[in-house]
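Single-structure report; data block below.
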Amino acid sequence: MEMNREQEAQKAYVRLLTGQGVSQRVLVQREFVIVRLSAFLKDIPADGSHYRQAVDRFIAGIDPAEIPTVLPVIREFFSFWVRDIKAIAAMSQAKVFSGTTPVTTVTQDELFKHWYELDKTVLNSQEKQTIDAFEQVILMRGYEPSVFKERMRMAKCLLLSLRHVSYKQSHSYRQMVDRNLPLFNALGSQHTFLSVSREFYYFWRADMLKPQSSPAKPAVSQSRDMAMAA
């Protein structure tokens, strides 16, 4: 019987993890995530935009406490699903497929302290340029004032968390998203935070601050990177 795209991607993903020595217990856990996610991927176009929409629907129906565990699987599985061989090879070489969930390095008390002291923290000129560019886009969305304020605070929280990151790589960004996620799980706004983190990624990368010479081509790579970023 011929396998569909999701089954082929799952088989290739499991084969790579097995080859890297991931335990059987972790393999079973990850396959269970993929099986549930695949129900939302069936018969949709294989691109970053549709993948994110499917992921949002999937995440909306699971226990918030499970989100930090499923996110690494979702990110890694994307390249297999779109059959991006170069991305898979690059991630494999970078040893992204560890089979483990990143450990939060800060306590929830520290995260809450960071959140409630945001307004006291002064942004430097580059950070202010980034947050101002993001604000202009968010203003055009027509959000209610309370929603607008929440999204801007989330972006600032993420930006300050990234202040000491030396190189603007998607892996570093994902780590900071995961590190801050327990805070928003506790606040009950994890879905909004994940949405903001996807939108804010390119502002942090400064891609939105640069003129685009050929808008059609970056759109593809951005969609793929975005899905992996958050």
Hey, is [X] close enough to [Y] for a salt bridge, meaning N to O under 4.0 Å?
| X | Y | value |
| --- | --- | --- |
| R75 | D178 | yes |
| E66 | R36 | yes |
| K42 | E6 | no |
| R151 | E144 | no |
| R83 | E8 | yes |
| R52 | D47 | no |

If I compare all heavy atoms of [X] with all of [Y], which pair ends up nearest, and what's the gap?
| X | Y | answer |
| --- | --- | --- |
| M154 | T192 | SD-CG2, 3.8 Å |
| D119 | R153 | OD1-NH1, 3.1 Å |
| M176 | S161 | SD-O, 3.3 Å |
| V177 | F193 | O-CE2, 3.5 Å |
| V122 | R163 | O-NH2, 3.1 Å |
| V14 | E31 | CG2-CG, 3.4 Å |

Common cluster, [X]/[Y], ILVMFWY with side-chain heavy-atom separation under 4.5 Å:
| X | Y | value |
| --- | --- | --- |
| F32 | L71 | no |
| V82 | I85 | no |
| I44 | L37 | yes |
| V22 | V35 | no |
| Y116 | L158 | yes |

Once rounded to the nearest 0.5 Å, what's the spacing between atom [atom1] of [X] and atom [atom2] of [Y]?
| X | Y | atom1 | atom2 | value |
| --- | --- | --- | --- | --- |
| Q190 | N180 | CD | CG | 13.5 Å |
| R179 | E110 | CZ | CD | 8.0 Å |
| L17 | Q24 | CG | CD | 11.0 Å |
| E76 | I88 | CD | CD1 | 11.0 Å |
| T130 | L159 | OG1 | CG | 6.0 Å |
| M152 | F134 | CE | CZ | 6.5 Å |

[X] side-chain N/O to [Y] backbone N/O, donor-acceptor pair under 3.5 Å:
| X | Y | answer |
| --- | --- | --- |
| S195 | H191 | no |
| Q7 | N4 | yes |
| Q136 | A133 | no |
| S189 | N185 | no |
| K156 | L123 | no |

Non-hydrogen side-chain atoms of [X] and [Y] separated by less than 4.5 Å:
| X | Y | result |
| --- | --- | --- |
| E135 | F148 | yes |
| L181 | L194 | yes |
| D132 | Q129 | no |
| F77 | L41 | yes |
| E150 | Y143 | no |
| Y13 | R30 | yes |
| V196 | I138 | no |
| D56 | R198 | yes |

Qualifying residue, where the test is ring pair (Phe, Tyr, Trp, His ring centres under 6.0 Å) with Y173 and the options are F203, Y202, Y201: Y201

Can H114 and L111 be said to form a side chain to side chain contact (heavy atoms under 4.5 Å, CB included), step by step? CA-CA 5 Å; H114 176 60; L111 290 173; 5.6 Å; no

Side chain to side chain contact (heavy atoms under 4.5 Å, CB included) assessment of Q10 paired with R5: CA-CA 9 Å; Q10 178 180 340; R5 176 181 289 271; over 6 Å; no

State yes or no: are the ring centers of F184 and W115 separated by less than 6.0 Å? yes

Parallel, tilted or perpendicular for Y51 and W81, by the 30°/60° rule? tilted

Sorted by chain and residue number, the side-chain contact (heavy atoms from CB on, under 4.5 Å) partners of A186 (sequence neighbours excluded) come out as Q108, F112

